[in-house]
Amino acid sequence: MTQTINNNQNGNINSKADISAIEAAEEIKLNDLAPEQQLELEKLKLDLDMASDADKEAEEVTKTPPRRLVIVDGGKGGVGKSMWTRGFLQTCIDEKRRIVAVDADNSNPDLLRYYGENGEHCQIQQLNIFKDGSIDRFFDRVKRMMEPEPDTYNQLPPPESLFLLELPPQSRQIFKKFIEQEFLETAANDYDIRVTMVVVISRVSDSVKQLIDLYSFCGNKVDYIVVRNLFYGEEEEFSRYSNSSIVQEIKQELLKAGIPLFDITMPNLLEYAYDYLDEKSLSFSEGIKQKELPGVKMRVKSWLKTFKQQICPVKHLLGLESINVEIF
């Protein structure tokens, strides 16, 4: 059946409802309309399409991701904290997720060494956490980056919502003191930012004790991600962590409070490939793109793909909406 359209004297279609009715009809013969009606219909359709596109663009501009501060624990050195931090930073860069990364290890600033100070989607800053008052000034700076003021050209910089802080070894007491001064309460109430603690562990009992100690002063005010570094062995070899009755009690307490504690793994990168990246100061993406050693390219590409797969279950805690595990 042919849909008929009221042929008024002016030949105009006067409302969006008219267009909706026309589009909803299963059968319509555009040729049944007068030429001026056809032209008016096409104009109104074009106006609706443009308005819809404008609404989508405005929605994208105004949509602000939840604020997240990811802190990589600095209690014990030599467990692979910097490796995990670099992997996460590389993931954010690959996903074009804006991030501010803070390298607080002044003796061995890996983030600056491998990634420089600025990239298209990231900026890297330094912090001397051992200098009195520096961590306070840093968090005030975070506030300004989340709610930026117009620059000298009256342009408003994009607000930052994802921050990554890698604490240096032996900084636990300083960090503990800062937490005890109610930083987490301030972060939640004044910054509207959620904190996720990342704890990288090896098979030794000391790294497990670091988690227990961290929980003693952070409690259920943060989310937790425990990373078992497979450089130290397969998953089943982390028995000191898996069999710890205290760790099990912590998990139960967090579960009752509705706070997540996730166990994930970090893949082992072949020492040969790791040493090449270290010698050349290459990021993971540069290690994949280099053509000097195809074997290194293959190993790094596989490592990064597996790394991204492992952090998929905790992407919401890390401020990532999605993760594309396909590498280049």
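Keep in mind that what you see is a predicted model, and the values were worked out from it rather than measured. Side chains are part of it too, since the values below use all heavy atoms of this structure and drop only hydrogens, waters and symmetry mates.
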Return the set of residues passing ring pair (Phe, Tyr, Trp, His ring centres under 6.0 Å) with [X] (not counting sequence neighbours), or none when no residue passes.
X	answer
Phe178	Phe139, Phe183
Phe262	His316
Phe88	Trp84

Among pairs that include at least one residue of residues 147-156, which meet side chain to side chain donor-acceptor pair (under 3.5 Å), considering only residues two or more places apart or in two chains? Lys143-Glu147

SB check [X] [Y] (cutoff 4.0 Å):
X	Y	answer
Asp94	Lys308	yes
Arg68	Asp223	yes
Asp278	Arg113	yes

Ser171: which residues meet the side-chain contact (heavy atoms from CB on, under 4.5 Å) condition with it, sequence neighbours left out? Ile129, Phe130, Leu167, Pro168

Sequence neighbours excluded, which residues qualify as salt bridge (charged side-chain N to carboxylate O under 4.0 Å, His left out) partners of Arg86?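 Testing Arg86 for salt bridge (charged side-chain N to carboxylate O under 4.0 Å, His left out), a comparison that skips the adjacent residues, returns none.
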
Residues two or more places apart in sequence or in another chain: which of them pass salt bridge (charged side-chain N to carboxylate O under 4.0 Å, His left out) with Glu235?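 Salt bridge (charged side-chain N to carboxylate O under 4.0 Å, His left out) list for Glu235, sorted by chain: Arg228.
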
Applying side chain to side chain donor-acceptor pair (under 3.5 Å), can you list everything that pairs with [X], at least two apart in sequence or on another chain?
X	answer
Glu237	Arg203
Tyr115	Gln90
Lys221	Glu185

Kindly state each residue pair satisfying salt bridge (Lys or Arg N to Asp or Glu O under 4.0 Å) with at least one member in residues 263-276, sequence neighbours excluded.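 Checked against salt bridge (Lys or Arg N to Asp or Glu O under 4.0 Å) - neighbours excluded - the pairs reaching residues 263-276 are Lys251-Asp263.
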
Pairs involving residues 123-133, ordered by first then second residue, that meet salt bridge (Lys or Arg N to Asp or Glu O under 4.0 Å) (sequence neighbours left out):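 Sorted result for residues 123-133: empty, none.
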
Is the backbone N or O of Ile259 less than 3.5 Å from a side-chain atom of Asn220, with the two atoms forming a donor-acceptor pair by type? no

Checking Tyr274 against Trp303 for the side-chain contact (heavy atoms from CB on, under 4.5 Å) test, could you report, in this order, the C-alpha distance in whole Å, the side-chain angles of both residues, the deciding distance, and whether it holds? CA-CA 10 Å; Tyr274 178 88; Trp303 183 91; over 6 Å; no

